[in-house]
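Working notes, structure below.
All values below were derived from every heavy atom in this structure, side-chain atoms included, with hydrogens, water molecules and symmetry-related copies excluded. When a residue number appears, it is its place in the shown sequence, counting from 1. These numbers were taken from a predicted model, which means no experiment stands behind them. First listed ligand is number 1; within each ligand, the first listed atom is number 1.
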Amino acid sequence: MSTAQKKALVVGAGQMGSGIAQVLATYGWIVRLVDTEEKQLERGKKRIEESVRKLQEKGSLPDDKAHILSRLSFFSSLDAAFQDDAEMRSVSLVVEAIVEHKEAKRALFSELAARFPAETILASNTSSISITELASDLPHPERVIGMHFMNPVPLMPLVEVIASPLTAEAVVEQVMGMARELRKTPVKVNDFPGFVSNRVLMPMINEAIFAVYEGVASVEAVDQVMTLGMRHPMGPLKLADFIGLDTCLYIMNVLYEGLGDPKYRPCPLLKQYVAAGRLGVKSGRGFYVYDDHAR
Ligand code: CAA
């Protein structure tokens, strides 16, 4: 099959889903992007157009902007996205990028597994939910895999490929190949809480929050130490705002419960900010305050 004929479905048009759809379309895939929230779909579409425009200006696209955008289509339901079974059978990759809630993802995976044939790879962009748990009750769990992109997807070179004990080795190889075709570097990891990315990143962010909570230093000072002293592109507290403090808390709880070690307890300040609706960039305030432009 030539690259131009490859077809993908991305479910969830948020920051991650729209970025994944954009990168797939950039490298020749025909992509359907589905989100049940019309507003989210509209925002995702605008985000893609803006990102592709910027990358074209910088000369970093392998194809013309118009061609890339023409490979994308947007739908508010799976039913609307596919006319018939033949159209569904032509899809070789589904990437799920909906809200980070286990039950929502499990329900979606049951539906996807029932609708798509056994050859269709079902990938989750989850940042922390167990791929084994998503796959275990499904028919053909061997085609379920984690394909964890990093934000902002069009710029970040990593795809963390998460193999559950049920994932077929051939599926792992196929997904690694797909990631390389998207000019990303795939890194294979096994399915344990937080995988590698968030097992290492989130405790650092949580510790930075503890440093503020315990009065070791101000928000700005903690971030400066890490940007100027360790060459991190953003300080951990600014990065937490970009990821979303609710997501950070969710992942800390997955680590805490999944690994059973008190060193993963989420900082009370993180819990308090989330309870107060201070979620970071998306709500306009987290450790920093954001205007509409930054959002
Ligand atoms: N598409 C196209 N262009 C984009 C873009 C996007 N999605 N996002 C940013 N850019 C552009 C900016 O507009 C900017 O363009 P100009 O130079 O024309 O102004 C350019 O990229 C560089 O951006 P910045 O000026 O903000 O500077 P930067 O050098 O800091 O780069 C960054 C931005 C790549 C995001 C960098 O700050 C960075 O690497 N940050 C850390 C990101 C990170 O850690 N991501 C992982 C988060 S964790 C995760 O995703 C997974 C999880 O499970 C939680």
Side-chain angles (χ1 to χ4, degrees), residues 12-26 43-62 65 68-69 72 95-101 105 123-131 146-162 182-185 187 189 191-206 208-209 223-224 226-228 230-255 266 270 279-282 286 288 290 293-295:
Q15 188 95 352
M16 298 304 289
S18 60
I20 294 164
Q22 176 187 331
V23 170
L24 285 163
T26 299
R43 273 201 297 269
K45 192 174 178 187
K46 287 215 178 85
R47 202 181 289 122
I48 292 172
E49 284 168 358
E50 177 65 9
S51 174
V52 172
R53 184 188 62 74
K54 268 197 172 169
L55 295 171
Q56 170 145 296
E57 269 171 22
K58 290 181 180 167
S60 50
L61 290 178
K65 177 185 164 199
I68 293 170
L69 296 180
L72 284 154
V95 185
E96 167 278 312
I98 64 166
V99 62
E100 194 70 357
H101 286 153
K105 286 193 195 284
S124 174
N125 179 59
T126 180
S127 49
S128 62
I129 291 168
S130 160
I131 302 300
M147 210 175 173
H148 184 206
F149 290 80
M150 301 292 131
N151 192 21
V153 180
L155 304 187
M156 301 297 279
L158 175 70
V159 178
E160 194 176 33
V161 175
I162 303 119
L182 302 176
R183 306 295 182 272
K184 305 283 185 201
T185 301
V187 176
V189 307
D191 186 26
F192 288 98
F195 319 130
V196 170
S197 54
N198 283 316
R199 174 96 177 241
V200 176
L201 175 67
M202 281 303 156
M204 183 194 69
I205 287 177
N206 196 44
I209 302 171
D223 274 355
Q224 270 189 322
M226 300 307 287
T227 52
L228 302 179
M230 282 76 186
R231 277 201 190 234
H232 288 199
M234 321 177 141
L237 300 167
K238 179 164 273 185
L239 181 56
D241 275 358
F242 273 84
I243 292 169
L245 301 188
D246 50 345
T247 304
C248 293
L249 177 59
Y250 187 89
I251 298 172
M252 281 313 296
N253 279 324
V254 168
L255 292 174
L270 175 60
L279 306 181
V281 178
K282 64 183 161 192
Y288 297 88
Y290 301 88
H293 179 70
R295 293 160 79 177

Under 3.5 Å: N or O atoms of ligand 1 paired with protein N or O:
residue: ligand 1; atom: 1 (N); partner: Ser51; partner atom: OG; Å: 2.6
residue: ligand 1; atom: 13 (O); partner: Lys54; partner atom: NZ; Å: 2.4
residue: ligand 1; atom: 15 (O); partner: Lys58; partner atom: NZ; Å: 2.8
residue: ligand 1; atom: 17 (O); partner: Lys58; partner atom: NZ; Å: 3.4
residue: ligand 1; atom: 18 (O); partner: Lys58; partner atom: NZ; Å: 3.1
residue: ligand 1; atom: 45 (N); partner: Asn151; partner atom: O; Å: 2.8
residue: ligand 1; atom: 50 (O); partner: Asn151; partner atom: N; Å: 2.8
residue: ligand 1; atom: 53 (O); partner: His148; partner atom: NE2; Å: 2.9
residue: ligand 1; atom: 53 (O); partner: Asn198; partner atom: ND2; Å: 2.8

For this session: Indicate yes or no: at least one non-hydrogen side-chain atom of Leu239 is less than 4.5 angstrom from one of His232.
Result: no
Problem set entry | side chain to side chain donor-acceptor pair (under 3.5 Å) involving Thr126 - partner list, sequence neighbours excluded | Glu100
Exercise. Do the side chain of Asp241 and the main chain of Tyr288 share a donor and acceptor less than 3.5 angstrom apart?
Worked result: yes
For this session: Spell out, as yes or no, whether a donor-acceptor pair under 3.5 Å connects the side chain of Lys184 to the backbone of Val153.
Result: yes
For this session: Fit a plane to each ring of Tyr250 and His101, take the angle between them on a 0 to 90° scale, and name the class: parallel (under 30°), tilted (30 to 60°) or perpendicular (over 60°).
Result: tilted
Exercise. Is the shortest distance from a Lys or Arg side-chain nitrogen in Glu57 or Arg53 to a carboxylate oxygen in the other one below 4.0 Å?
Worked result: yes
